[in-house]
Amino acid sequence: MPELPEVETTRLGIAPHLTGRRISAVVVRQPRLRWPVPETLSQQVRDRRIIGVARRGKYLLLDCGDITILMHLGMSGSLRIVEADRTPRPHDHLDLVLDSGKALRLHDPRRFGAVLCFDPRKGLHPLLSRLGPEPLGEQFDGDYLYRQTRRRRTAVKGLIMDSHVVVGVGNIYASESLFLAGIRPRRTSGRLTRTEAFRLVEAIRTVLTAAIEQGGTTLRDFVHEDGSHGYFSRQLRVYGRAGLPCLCCGATVRQVLVGQRSTFYCPACQRR
């Protein structure tokens, strides 16, 4: 699944092609995505100019003034800037055609993505209204995370993957952050010390920043907007390395389930 670094990499890639451009048409080939594409989408956004492209968690937001287009890549989605007349491939479900002659094209084989819109003057879209702070923003700090852990019995990995607590820390980056912080993924959240909370916040920031700078993690279904693969996977320390020696200490990396998600850790480096 594309995670925050992949979505941010996509945002950085498509923003220069979209900002300031007018949407001349909307082509919907398959409206049945995770949530149906609104029948009124074309009517609402056609002829509007895109003011900017933002990200909230794993959602992309195309600011068109009094209308915002909300996009989510789901489990297998990707966005491309293509020539508007380019023949679509299978699973190319939607185009936003621009006045430049190009189009923003959504490719989504599993159809778990979404293209929705809302009027920001009337408040946030329900999908955005209960999201926690951004992991790279000022609101997410050690004091905040420590407060969130109090009296919680959930595993710390599950806590940092909870979008109501902090957005965008997906499965891969949660495992990598806990490794960097030296904390076991099954550790009960309420047992974290303040020092550990600060260390974990710093680890999350470090891992996500490095992933964004290097283009995200290579996943089976994720490629950049220009078709090239991400390469943060070259720096993965524990994720996907079950049974292999830890790159730091040589101990065997273990795999467990936390919240039904495959989780990887080093029993020596992550002692607590």
Side-chain angles (χ1 to χ4, degrees), residues 1-9 11-12 54-59 124 128-217 230 232-241 246-249 253-254 256 258-259 261-272:
M1 178 183 294
E3 299 187 12
L4 185 150
E6 287 78 28
V7 178
E8 179 64 11
T9 299
R11 185 192 72 80
L12 293 171
R55 178 191 54 75
R56 183 71 173 100
K58 299 180 185 180
Y59 295 98
L124 291 174
L128 306 175
S129 61
R130 296 182 60 197
L131 294 179
E134 291 285 332
L136 301 178
E138 293 181 358
Q139 294 182 345
F140 184 66
D141 59 18
D143 286 326
Y144 168 82
L145 183 60
Y146 182 70
R147 290 195 301 271
Q148 292 296 314
T149 62
R150 297 306 86 194
R151 298 183 181 180
R152 298 250 193 171
R153 295 187 177 183
T154 186
V156 64
K157 180 170 181 278
L159 182 75
I160 62 175
M161 290 182 62
D162 184 344
S163 64
H164 298 130
V165 175
V166 57
V167 296
V169 185
N171 194 35
I172 293 174
Y173 301 107
S175 287
E176 291 296 307
S177 298
L178 287 164
F179 172 79
L180 186 60
I183 299 170
R184 291 203 178 189
R186 285 177 165 174
R187 177 88 172 274
T188 301
S189 298
R191 295 182 57 200
L192 255 64
T193 65
R194 183 180 295 275
T195 298
E196 289 171 329
F198 273 81
R199 193 163 69 235
L200 181 53
V201 165
E202 186 61 29
I204 290 171
R205 289 178 177 275
T206 298
V207 168
L208 291 178
T209 298
I212 291 169
E213 289 175 350
Q214 298 182 44
T217 304
F232 183 69
S233 60
R234 298 175 187 175
Q235 290 196 5
L236 294 178
R237 299 305 183 107
V238 288
Y239 187 87
R241 291 182 48 80
C246 173
L247 296 174
C248 292
C249 72
V253 174
R254 296 179 183 176
V256 295
V258 178
R261 304 296 298 274
S262 292
T263 302
F264 303 86
Y265 74 99
C266 171
C269 294
Q270 295 167 262
R271 291 183 178 277
R272 297 191 63 188

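When a residue number appears, it is its place in the shown sequence, counting from 1.
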(request) Kindly compute the distance separating CG (Asn171) from CZ (Phe264), expressed to the nearest 0.5 Å. (result) 8.0 Å

(message) I need the Thr263 OG1 to Leu178 CG distance, nearest 0.5 Å.
(response) 9.0 Å

(message) If you define the side chain from C-beta out and look only at heavy atoms, does anything of Leu192 sit under 4.5 Å from Leu159?
(response) no

(request) Decide, yes or no, whether a salt bridge links Glu134 with Arg55 under the criterion of side-chain N to carboxylate O below 4.0 Å. (result) yes

(message) Has Arg184 got a side-chain atom pairing as donor or acceptor with Pro267's backbone, closer than 3.5 angstrom?
(response) yes

(request) Determine the minimum heavy-atom distance between Pro135 and Phe140, stating which atoms define it. (result) O-CD2, 3.3 Å

(message) Using a 3.5 Å distance criterion without hydrogens, assess whether the side chain of Gln270 forms a donor-acceptor pair with backbone atoms of Ile183.
(response) yes

(message) Show the nearest heavy-atom pair for residues Cys269 and Cys246, with the distance to one decimal.
(response) SG-SG, 3.8 Å

(message) Please check: side-chain N/O of Arg205 versus main-chain N/O of Gly137, any donor-acceptor pairing under 3.5 Å?
(response) yes

(request) Indicate yes or no for a side-chain donor-acceptor contact from Glu6 to the backbone of Glu3 under 3.5 Å, with no hydrogens or angles considered. (result) yes

(message) If I take atom CD from residue Glu202 and atom CZ from residue Arg199, how far apart are they, to the nearest 0.5 angstrom?
(response) 11.5 Å

(request) Working to the nearest 0.5 Å, report the span between OH of Tyr146 and OG1 of Thr195. (result) 9.0 Å

(message) I want to check something: taking the side chain as every heavy atom from C-beta on, are Cys248 and Phe179 in contact at a cut-off of under 4.5 Å?
(response) yes

(request) Identify the heavy atoms of Pro185 and Ala155 that sit nearest to each other, and give their distance. (result) O-CB, 3.5 Å

(message) Please check this pair: side chain of Ser129 against backbone of Leu124, looking for a donor-acceptor N/O pair closer than 3.5 Å.
(response) no

(request) With sequence neighbours excluded, give me every salt bridge (charged side-chain N to carboxylate O under 4.0 Å, His left out) pair touching residues 138-159. (result) Asp143-Arg194

(request) Enter the distance from Arg237:CZ to Cys266:SG here, rounded to the nearest 0.5 Å. (result) 11.5 Å

(request) Mind running side-chain contact (heavy atoms from CB on, under 4.5 Å) on Glu196 and Val156 for me, showing each step along the way? (result) CA-CA 11 Å; Glu196 289 171 329; Val156 64; over 6 Å; no

(message) Run the side-chain contact (heavy atoms from CB on, under 4.5 Å) test on Leu247 and Val253 for me, step by step, so that the C-alpha distance in whole Å, both residues' side-chain angles and the decisive distance to 0.1 Å come before the verdict.
(response) CA-CA 9 Å; Leu247 296 174; Val253 174; over 6 Å; no

For residues 161-168, dump all side-chain donor-acceptor pairs below 3.5 Å to protein atoms at least two apart in sequence or in another chain.
{"residue": "Asp162", "atom": "OD1", "partner": "His164", "partner atom": "N", "Å": "2.9"}
{"residue": "Asp162", "atom": "OD1", "partner": "His164", "partner atom": "ND1", "Å": "3.4"}

(message) Has Ser175 got a side-chain atom pairing as donor or acceptor with Ile172's backbone, closer than 3.5 angstrom?
(response) no

(request) Taking only Lys NZ, Arg NE, NH1 and NH2, and the carboxylate oxygens of Asp or Glu, determine whether Glu8 and Arg11 approach each other closer than 4.0 Å. (result) yes

(message) Assess the residue pair Tyr59 and Leu128 against the criterion (side-chain contact (heavy atoms from CB on, under 4.5 Å)); give the C-alpha distance rounded to whole Å, side-chain angles, the decisive distance to 0.1 Å, and a yes or no.
(response) CA-CA 8 Å; Tyr59 295 98; Leu128 306 175; 3.7 Å; yes

(request) Working to the nearest 0.5 Å, report the span between CD1 of Ile160 and CD1 of Ile204. (result) 4.5 Å

